[in-house]
Protein chains: 2
Amino acid sequence: MKDVVIIGAGLAGTLMAIRLAQRGHKVDLYEKRPDLRKTDISAGRSINLALSDRGLQALAMADLDDKAKELVIPMHGRMIHSIDGHKTLYRYSGREEDWINSISRPGLNSLLLDETEKYDGLQVYFDHDAARVDTINKDITIKTSDATAKLDVSDKIVIGADGAGSSLRREMQRRSNQLRYNFSQTFLDTGYKELCLPAGPDGTFQIEKNALHIWPRDGFMMIALPNLDASFTVTLFMRFDGPNGFDTIQSDDQIHALFDKNFKNVKNFFPDLIHEYRTNPSSSLGTIRCYPWQIDGQFLLIGDAAHAIVPFYGQGMNCSFEDCLILDRCIDADEGNWDAILKNFQSIRKQDADAIADLAEDNFYEMRDATADPVFNKKRQIELALEQEYPEYYSKYSLVTFKEEIPYHKAMALGRKQDEVLMKIAANTDDISQVDLAWVFETVKAVDG
Amino acid sequence: MKDVVIIGAGLAGTLMAIRLAQRGHKVDLYEKRPDLRKTDISAGRSINLALSDRGLQALAMADLDDKAKELVIPMHGRMIHSIDGHKTLYRYSGREEDWINSISRPGLNSLLLDETEKYDGLQVYFDHDAARVDTINKDITIKTSDATAKLDVSDKIVIGADGAGSSLRREMQRRSNQLRYNFSQTFLDTGYKELCLPAGPDGTFQIEKNALHIWPRDGFMMIALPNLDASFTVTLFMRFDGPNGFDTIQSDDQIHALFDKNFKNVKNFFPDLIHEYRTNPSSSLGTIRCYPWQIDGQFLLIGDAAHAIVPFYGQGMNCSFEDCLILDRCIDADEGNWDAILKNFQSIRKQDADAIADLAEDNFYEMRDATADPVFNKKRQIELALEQEYPEYYSKYSLVTFKEEIPYHKAMALGRKQDEVLMKIAANTDDISQVDLAWVFETVKAVDG
């Protein structure tokens, strides 16, 4: 049984390490950062995430779903805040049992790291930077604060779970011509800045706890996800340039004016708005696609290292966890034949990674623009009524989020067809209470011909 | 007047250096390779190219077009070699005065390098590798065989004309998040291998001199361009994998069988076929797109460094030379304001670089597959008749190749519309001599409404 080296003790790398240890592999997990359980949270990383069914299914593979559920706050829908402070909750699904979960990234990562300690064959090396992977000489240059050494991996499987700046992916870039390595990175002209909306003085949630809050505005938006300590992590998404842009809005007056005009109903909940706006970074948002993901049946990219996406579908972590599940199934199918395992994995998974990347970009425009559009909201209400009346009906959002047995690329294809039909129906409907749901159901079902 | 540093003394870098010296700038041109006039041709680089009207127009800007014309062999059309050895010449244009020119890359580069010596303010440094450009500290690390030094460029304009592996582009990659630097590289599954078809024993051309020869086959092709010494540079384009693939065809028997079956009419002209096939590399073919091309109105990519394309439209060099012409026009428009010059240049030029990249990929399939298709060849004949009868009509190929006053992106848009109409007409035509050309002309002209 092959020994495995995994680079990156983030979410995907740690889950994969645990699963491979459960399968009996000796696993060495290298992480360039210190142990996050013993340090402050690193600045600039999104500190809460949406965990949904695909992620939970993958955690269940390692028997960790119940433990994760102890850390979550359910979010049943989108709470849309209009500019005049009016709030409307649009549920994510017409089925009672469908919701998504707000979870702390470092909290979940800590849970996984704690779990690694149960396996004798699994060793985690913090502060060990796998700075260069050499797939020809089959070694990895590992840097620590006081030494640089080469790790011989000629007889090992190497998994790069080292995120958007992956060092294994850099090696693929270096060998581009030989591997005919296709690669793209695309940035949105919109960036993000995180702010903290703290708990109320009495430790209560200052806005609705069980929702993902959205303030959709003209060309920008703000969102908020709840934390266990009753605070919310708030993220402001704006362009860098132009009138409502991070580079433009810099003075105290401009920051106040932005919030007075657009986010008046929560402005007073930010005790430290000006300082946070000034101090917290405005970060960019990009999509990374590449192929191949593996070299020689020995070196493999998973997670963000293979497919970094924008955060607007809440699927980044879920997709990376699902990678671990699919890889585990590929190992089941071809146990011992790593060449087949890695090639099958990339060939199954590439189309799904591309689909969720597209969906995530689309959802940015949906959240920012469409959630303020009456026709879109009628369509959402028709869909929710459909899901209530016909539980076997899944909207695009539900297919992606709650229907983990359907691969992303199929969810996207079917969901887009359904959307087209439903938007037409919504545009021609004045009073949604008068819609003939049975007819709508048959019409929408027909697109899946 | 700003001093200029140019990285890369290839075709675009050297032409731009000459032009800027003519404008009165002090120019330092750094080239990592030795002076190609004093060394053998470096292996693996395509040794002849197609020079056409856009390239000639750019050379004319520096008064170098007439000198270049002394080095060329006109190619009036595509000579299509069928599998049974039948040859048909399809002219590139119905106008007598339209043709493209085969030219030696090192020959043309030598001409340009000779020209640099005429300008006191222009200095070329060979064997100087601009290994790293630092756009924050504004310096360039220059490596020679015996030293590494930093060149301060804080007060200079820096132009990266250093090809597909550009070190200035690497700096943009390093600063991706900050610059929101979009980038993609895409490889074809087809690669190429160069072979030499030498002059005949009496110094004559063994196949038609004034043509670009094509042997279109099922999923692969071979082409040949003439050289001044009566030899031809032959390029075999095949997939890497599969039955007719470089990785598959390796034994003497397989190489003989490939040529016996597909290239029988010229096989005996290759005296050294087996050895050359074995020894010459099978190289990959890729497209590189990126944006932005400039940083801070000071650092700029041009040529392949900004937009490497596949070679199938014969426009790589022409496009890079045209970059120099457009940049020169931008300098005219905003003389002294480099921020405006560089931003205008990238904003004008990006869409044209994207268009020629698309056209070049399309033309691979046209050359490989369509040139063997009867409907396509009928369409080409109708087009040539149109161009003869109505000289103001330009086919897509002619718009791209012979109509240098129309930008690539407009040539592509118009040409594609014309192609659509003409392919329909060709598909419905049995005898092209019976086509009503006046009607076709009016029909095709109407698409440009």
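Here the structure is a predicted model, which is why all the values come from computation and not from measurement. Below, read A as the first sequence line, B as the second, and so on, with proteins coming before strands; counting in each chain starts at 1.
- Using a 4.5 Å cut-off between non-hydrogen atoms, the part of residues 238-247 of chain A that approaches chain B consists of Phe240(A), Asp241(A).
- In this structure the side chain of Tyr192(B) never reaches within 4.5 angstrom of the side chain of Leu236(B), judged on heavy atoms.
- Interface residues of residues 161-189 of chain B toward chain A, defined by a heavy-atom distance below 4.5 Å and sorted by number: Gln173(B), Ser176(B), Asn177(B), Arg180(B), Tyr181(B), Asn182(B), Phe183(B), Ser184(B), Gln185(B), Thr186(B), Phe187(B), Leu188(B).
- Applying the side chain to side chain donor-acceptor pair (under 3.5 Å) criterion to Ser282(A), with sequence neighbours excluded, gives Lys193(A).
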Practice task
In sequence, state the C-alpha distance, the side-chain angles, and the governing distance for Lys138(A) and Phe299(A), and then conclude on side-chain contact (heavy atoms from CB on, under 4.5 Å).
Solution key: CA-CA 10 Å; Lys138(A) 315 263 186 209; Phe299(A) 300 88; 4.0 Å; yes

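- Note that CG of Leu11(A) is 8.0 Å distant from OG of Ser320(A), once rounded to the nearest 0.5 Å.
- With hydrogens and angles ignored, the 3.5 Å screen pairs no side-chain donor or acceptor of Asp334(B) with any backbone N or O of Asn337(B).
- Using non-hydrogen atoms only and a strict 4.5 Å limit, no part of residues 348-366 of chain A faces chain B.
- Using a distance-only test at 3.5 Å, with no hydrogens or angles considered, a donor-acceptor pair links the side chain of Tyr277(B) to the main chain of Ile249(B).
- The distance from the CG atom of Asp369(A) to the CG atom of Asp218(A) is 7.5 Å, given to the nearest 0.5 Å.
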Practice task
Run the numbers on Trp338(B) and Ile341(B) for side-chain contact (heavy atoms from CB on, under 4.5 Å), then give the verdict.
Solution key: CA-CA 5 Å; Trp338(B) 283 94; Ile341(B) 291 165; 4.0 Å; yes

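- The OG1 atom of Thr287(B) sits 7.5 Å away from atom CD1 of Ile309(B), with the distance rounded to the nearest 0.5 Å.
- Within the model, atoms CE of Met222(B) and CG of Leu258(B) stand 9.0 Å from one another, a figure rounded to the nearest 0.5 Å.
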Practice task
Step by step, work out the side-chain contact (heavy atoms from CB on, under 4.5 Å) result for Ile47(A) and Arg105(A).
Solution key: CA-CA 5 Å; Ile47(A) 61 164; Arg105(A) 174 199 283 272; 5.7 Å; no

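- By the 4.5 Å heavy-atom criterion applied to side chains, Leu285(A) and Phe312(A) are counted as neighbours.
- Checked by atom type and distance alone, the side chain of Glu31(B) never pairs as donor or acceptor with a backbone atom of Gly8(B) at under 3.5 Å.
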